[in-house]
Structures are given as structure tokens and as C-alpha cells.
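Heads up: the structure comes next, in C-alpha cells.
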Amino acid sequence: MGRFHPLASIRNIGIMAHIDAGKTTCSERILYYTGRTHKLGETHDGASTMDFMVQEKERGITIASAATTCVWRDHQINLIDTPGHVDFTAEVERSLRILDGAIGLFCAVGGVEPQSETVWRQAEKYHVPRICFVNKMDRVGANFFHVVKQIHDILGANPVPVTIPIDEGPGFTGIIDLVHMVKVTYNEDAKGTYPVESPLDDALKQYAEPWRQKLIESVAEMDDTLLAKFFNEEPISNEEIIAAIRASTIAQKLCPVLCGSAFRNKGVQRLLDAVVDFLPSPLDVPPAVGKDFDGNEVERPEDDHAPAAALAFKVVTDRNVGKLIYVRVYAGKLESGSYIYNANKRKAQRISRLFRMHANHREDIDALYSGEIGAVVGLSETVTGDTLCDESAPLVMESITFPEPVISITVRPVNRGDRDKLSTALMKLAEEDPTFTEKFNQETEQTIISGMGELHLDIIVDRLRREFNIPVECGKPEVSYRETCTQRYEHDEVLKKQTGGHGQFAKINIALEPSEKGTGFVFENIVKGGNIPKEYFPAIEKGMRDSLDEGPVAGYPVVDVKVTLLDGAYHEVDSSDMAFRTCAATGFRTALLKAKPILLEPIMKLNITTPTEHAGTITGNLCARRGKVLGIDTISEKAQLIHASCPLANLFGYTSELRNMTQGRAAFNMEFDFYEPVPQSLAEEIIKARREKKNNG
């Protein structure tokens, strides 16, 4: 069986927004109006199709991105609904890496909220064209044009309305389509399934005309032919306007803005039209780029007959079929029963089955073609970010970068017999989620799990208990501190052992110094003259990387250090990879101790929305927590948005305290910002507590 739709008729899109902006509700309407589902599932009832996890239904939030496929106007739309909570930002990251376009969803009351800005920047990072949908136009306080202004002022975008609301708030009845200049209203009894188009009366025409002119001016500025027509006052057809909006959107020169209320079944069909009309097909975006095994750049065009190239962007453990690998095919095709080459692992693996996904439901297919998104079974050694390709034409595409975990807790099974079961379950969860890590401390015999926030770890523990049937007990949350150095130090390290037969010999001269924030570990080799054969360089770097997991101050991971290999010596008989690796590990630890190591703590960025009368109490409380108020924005006469930063160590339990301070009327979100040196007095307490914990086991 061949492909259902040609490449030009495919749209790979995602919906991204701040938490509670209405992404999943909008997705449910899209599925309903495209005929993919036959009844509306509501998030607040725990009945939505896309939020299928038990934890999602109970909390009314999206935790994992869900993929589905539907058809509108004979176009295949591959849709990914992404989470809005900052703890699950990795789900947005991996989705945007493989999408061709996105819908930025905004609440008509809340406007551009903190996580809206985060996901917008993620889309910019991957050069994803966007359209905007201002949702919840039926809510009290809705202000469409204020949100459009925020999109311009806060996100730096060029928003251009293509639909505008008829009234706002509870009086919201429909929209005006500025391209076709018609009024669109909805029959609520028919769940908005059949929009009614009618001509504009004089009052609505007077209201819409300036926005229609603005739309035409905006697209004419980017199209010479339209610009000439505009200045000559020649008529411009609707088809020309649509084509110009499409070209400008794909070039990321403007963002079309639509409006509606997904919950009230208004405006979603026009949004689907905009997806088809304005967002790119796989043919409209640059071809996939990777590197061959010699480091040369390789391009793969979107073509079913080109050598296969696909990116694994998500791993899910499914009870029925085992390990599911979600892939985006960029070139060629993947066929059930065939072999595909994992370029990262340099290993061929057999594709046993292929699926087109509809949330947690699977549809068996024979092949996935270029431009399509689906799931593969059988790739046991494939992980997120791996490139799958034709073995005769290998390439490695850019992987996906994820933030480091910032919070840790200990977990242990209630039943001793569940230890191996727990270890297996944690490995599966870590394989699914690159921002979740697990580590067994041999000294204390404790399992430590780390994630992006308290909610993230709460979900992990809940899944252990429900999905894997492992009762576990948790320790108190711990901050994931880091260690680094503060000055340059040069060091000579010599390994010399003679134990009969071949001995061990290695000598290195290194310079260790601080590197820029966020660089992690940097290794540079400037050895010249063959004092150390080049085959030993990888072993030297590996030995140093071996030492990064446990720093000398309190045993926390080491970050933001640079090591330069200056010189060294070797012995023709006694030198080996292992000798240089051991020498490098010892030399690194010794140099780090001499380079004035310090403790770093994660600093979180907070955005707190509060009634004005509680703003003073909140800022005072933040200062008591070693926080800093970075600025305060006025949202309305009665509400303010406080921007602040605060050490994570002082934010445990903040949710409850904020509720108590404001009678539950304030809300906040936080995300990791950067690492900062811990004040000396606190560092001494942390180090002492860490050592006591180790000694007590």
C-alpha cells in the first residue's frame, strides 16, 4: 500500500502553550471536526483522547506529548499535543525538533504567560514557522487585541490578525474572517460543526476594514507584486492574499493570528484552514542535514526514493507491544519487516512492526514514508535522538538537547524482593524521559532519582506504583548541587607501576581552569611533537570524564571546567589506554582540589501572578528565601506579575505557602535558570551534612 497523501498535502504540526491555555481542548475539537473522533472528550471530565495517562486525567494537565493523524480538506495533519507545565518542557523540545510548523495557543485573558515565552523560544531555536490562536474568547476579561500586542512586545514576533472577534467575553458570538470579509457564527446545538457564513453589515464592515487594510499592508510589504498592486490601488484577490500570508509565514516574517473559543466550539475550523493554508508541508522546509562518518555534511531531500533517514524523538514502554520508538521520517521510507541502520550505534536493527499513532491507540501500517510521523517496534537499542538510515548511505543528524535535572529524591521498594524490579522500571522510565535520571549509590545503598521539579518526580513515583506495581517509599527532596573550580591550576601526573611483566606508565601535564557557564566539560589537546601518541588522547579524555560524576568538595557532579592537555610522556612497552585513563582520572581530581573548588546551587526563575494586595507579602517572603525580585508587571488594576529568582533549596513547599499567603488566589511557575556559587556559610553546612550522610550510610 502506498502513501495516502502526497508530500505537498502533509502538515506536521504541534500545539504549544502555557499550562491551562486550552491546548488539549483545542486538540479534541480538531479531532472531532476532522472526523477522527465522534464525540467531544473534555479535559475537566478526564475524558479527553489526547490526555490518556491516568495521571493526566486526574490532574487535568498534559504530561506526555501525544501524537495523532487526521485529515482536513484532503490534507493529512500529523498533530502533536504538547504539555504546558515547565517540568515537562522536554516533551515540547523533542516535538519541536521534528515538526514543520506549530500553533502557538494563548489565553485571551492571560495573554503571553511565562511558559508561552519558553515554548516560543524553543520553536525559534528550531526555526519552526508558527500561527497563533487566541483561545478562550468567551471568558470574562478576554482582550484579543491586547494579546496581539503582547505577542509583538514580549515575543518580538510580527503578529497579523486574519480573524477578529465579534464581541469579547460572555458576549462572544463569532468571528470576522478578514481574508474573505465574512461573518462566521456557530450553531451551539450542533457543537459548532456547521459554521454559518454571512455578509458583514455596515457596522461590522466599519469595524473590520482597518484590520483588513493592515493585513493587506503587512503581506504586501513582503511581496513586490502585491506591493505594486497596493500602491496602484488595484484589486488583490483572496487567493493572492492567502499565498502571500503562506510565503511570509514559512519565511517566519509574520505570524497569522486567529481567535475563538475551543471549549465553546468556535473558531477551530478556521484554525484548521489556517494550518492547511499557511503552515509548511515537508517540501517547504529545508532538507534534513546530517554528517557522514567522515564528518562531511550531507543533505537528504524529502523524497520517498532517496536513501532512508529518520530521527527517533521519543521512546515509550507499551505494555502490549514493548518498546515503541516514535520517529519522523525525513527521506526514503521505513518498511515493516525490513532492516534499518542506527547510525549512532552503528548497528542494523530489524523493524518488526510499524504504527500510525492515535494517542495511545495503534494502527498497523506497512510503511512510513518521507514526511510522516509514526512509531516503530523492534529497535531495542535505539534511544531518543538516534538517527535511523540506510546502511549504504549513513548519516547522523543533530540530536536533541535536554536540560539537566535539578531536584533529587531517594526511593526504595517497600518489599525487599522488588529491588531488581525497581531497577528495571527506573531504567525504562529513564529511557523514555531524558530529563529523568536514576543512580544507585554503592556507599549508602540508596537509589537516587532526579528530575525537573517536584511534580515531575511525583509523576514518576506514581507511575512506579501504578504501572509497574512497585510500592516505594521516598526520601525528602534534595537539591542537585554541582561543583566547579574558580582558578587555573597546572599539574603534572605520573603513573608508574612495575608488577612483573609489563608495567604501567603514563605521564600528563594538564591545565585545569573555569569555563563559561553552561559549557559542562571542555577538553582541549595542544600536545605537539609526538610526546604522547594520538591513540591515547581519547583514553585521557575518558579518564577525566570518569571523574566528573563525583567532585572533591561534597561528591556532587563537576561542571563548567576546561582541561587543556599541555604535554606528557609515554613508554613504548608499559604505556596503554588503561594506564593513560587511570593517570588522567587521578590527575584531574588532584588538579581540581588545587584549583579552589566551590559548590554551586541551581537558581530558579519564578513568575508569580497575584492579586495586587498580596504583592508586598509575596516579595517579602521571597527575600526571606534568599530570592531576588527582578521586576513587577501590572496585568490589570487588580493583578500583578512578579518576576523573581530564588535558590531551589529554598523553594520546597512554596506552593502551599503561596496559597496560604494569598487565600489560594496566586499562582506561579518556575524553571531552572542557572547555577550560582553557594554562600560560604551555607556551603559548609551542606558539605557537613553530606559527609555525615555518607558516614551514616
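Counting begins at 1 with the first residue of the sequence.
Contact of the Q122 side chain with the T82 side chain is not registered, since no non-hydrogen atoms from C-beta on lie closer than 4.5 Å. Side-chain atoms of F313 and I373, non-hydrogen and from C-beta on, do get closer than 4.5 Å to each other. Between Y32 and V268 the shortest side-chain heavy-atom distance does not fall below 4.5 Å. Within the 4.5 Å cutoff, side-chain heavy atoms of R29 are placed close to those of F263. Side-chain contact between K125 and T401 is present, with heavy atoms from C-beta onward closer than 4.5 Å. Two residues are said to be in side-chain contact when any heavy atoms from C-beta on lie closer than 4.5 Å; I77 and L272 meet this criterion. In this structure, F106 and Q150 have side chains that are not in contact, with every pair of non-hydrogen atoms separated by 4.5 Å or more. Considering only heavy atoms from C-beta on, L388 stays 4.5 Å or farther from Y341 through its side chain.
Distance CD/E438 to CG/D433: 12.5 Å, rounded to 0.5 Å. Rounding to the nearest 0.5 angstrom, the gap separating the CZ atom in R350 from the CD1 atom in I340 is 13.0 Å. The OG1 atom of T69 sits 5.5 Å away from the CD atom of Q76 when rounded to the nearest 0.5 Å. Atoms CD1 and CE, from I245 and M222 in turn, are 10.5 Å apart once rounded to the nearest 0.5 Å. Note that CD1 of I175 and OG1 of T163 are 4.5 Å apart. Values are rounded to the nearest 0.5 Å. Here S380 contributes atom OG and N342 contributes atom CG; the two are 10.0 Å apart, rounded to the nearest 0.5 Å.
Atom NE2 of H5 is surrounded by more than 12 heavy atoms from other residues, nucleotides or ligands within 6.0 Å. Remark: K347 NZ is loosely packed, at most 12 non-hydrogen atoms of other residues, nucleotides or ligands lying under 6.0 Å away. Taking a 6.0 Å sphere around OH of Y339, one finds it holds 12 or fewer heavy atoms contributed by other residues, nucleotides or ligands.
For the pair R11 (side chain) and A8 (backbone), a donor-acceptor distance under 3.5 Å is present. Within the 3.5 Å criterion, the main-chain N or O of N296 finds no donor-acceptor partner in the side chain of D294. In terms of modelled atom types and a separation under 3.5 Å, the side chain of S352 and the main chain of V377 share a donor-acceptor contact. No donor-acceptor distance shorter than 3.5 angstrom exists from the side chain of K439 to the backbone of S450, with no hydrogens or angles considered. Judged purely by atom type and a 3.5 angstrom limit, E431 has no side-chain atom pairing as donor or acceptor with the backbone of V315. Remark: side-chain polar atoms of R300 are not paired, donor with acceptor, to backbone N or O of A288 under 3.5 angstrom. Formation of a donor-acceptor pair under 3.5 Å by the R121 side chain with backbone atoms of L155 is found in this model. Counting only distance, with no hydrogens or angles, the side chain of E302 and the backbone of G371 share a donor-acceptor pair below 3.5 Å. Judged by distance alone, the side chain of N135 and the main-chain N or O of A262 form a donor-acceptor pair under 3.5 Å. The backbone N or O of T519 sits less than 3.5 Å from a side-chain atom of D560, completing a donor-acceptor pair.
Comment: R328 engages D100 in a salt bridge, judged by a side-chain N to carboxylate O separation of less than 4.0 angstrom. One finds a salt bridge joining E432 and R463 here, because a Lys/Arg side-chain nitrogen approaches an Asp/Glu carboxylate oxygen to under 4.0 Å. Salt-bridge check for E91 with K314: passed, with a basic side-chain N closer than 4.0 Å to an acidic carboxylate O. Salt bridge R36/E363: present, at least one basic N to carboxylate O contact under 4.0 Å. Ion pairing of R246 with E239 is absent here, as no side-chain N (NZ or NE/NH1/NH2) approaches a carboxylate O to less than 4.0 Å. Between D273 and R73 a salt bridge is recorded (basic side-chain N to carboxylate O distance below 4.0 Å).
Aromatic ring orientation, F436 versus H456: perpendicular (interplanar angle above 60°, classes split at 30° and 60°).
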Please assess L464 against L429 for the test side chain to side chain contact (heavy atoms under 4.5 Å, CB included), listing each intermediate value before the final yes or no.
CA-CA 9 Å; L464 285 172; L429 290 170; 3.8 Å; yes
Could you walk me through whether S370 and D304 pass side chain to side chain donor-acceptor pair (under 3.5 Å), step by step?
CA-CA 5 Å; S370 59; D304 293 346; 2.6 Å; yes
What's the verdict on side chain to side chain contact (heavy atoms under 4.5 Å, CB included) for C255 and I151, showing C-alpha distance, side-chain angles and the deciding distance?
CA-CA 9 Å; C255 292; I151 294 170; 5.6 Å; no
Full working for side chain to side chain contact (heavy atoms under 4.5 Å, CB included) between K291 and E398
CA-CA 9 Å; K291 290 187 177 179; E398 181 188 353; over 6 Å; no
Assess whether side chain to side chain contact (heavy atoms under 4.5 Å, CB included) is satisfied between I13 and L99, documenting all intermediate values.
CA-CA 6 Å; I13 66 161; L99 292 172; 5.6 Å; no
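A pairwise comparison of heavy atoms in P301 and E299 identifies CD-O, 3.9 Å as the closest pair. Nearest heavy atoms, S480 versus Y675: O-OH, 3.3 Å. Nearest heavy-atom pair across G385 and L311 is O-CD1, 3.6 Å. Summarising the geometry of I30 relative to C70, their closest heavy-atom pair is CG2-SG, 4.0 Å, with the distance given to 0.1 Å. Taking each heavy atom of L368 and V327 in turn, the nearest pair found is CD1-CG2, 3.9 Å. Residues A244 and V219 come closest through the heavy atom pair CB-CB, 3.8 Å.
Remark: R346 qualifies as a cation-pi partner of F293 under the 6.0 Å distance and 45° angle criteria applied to the six-membered ring.
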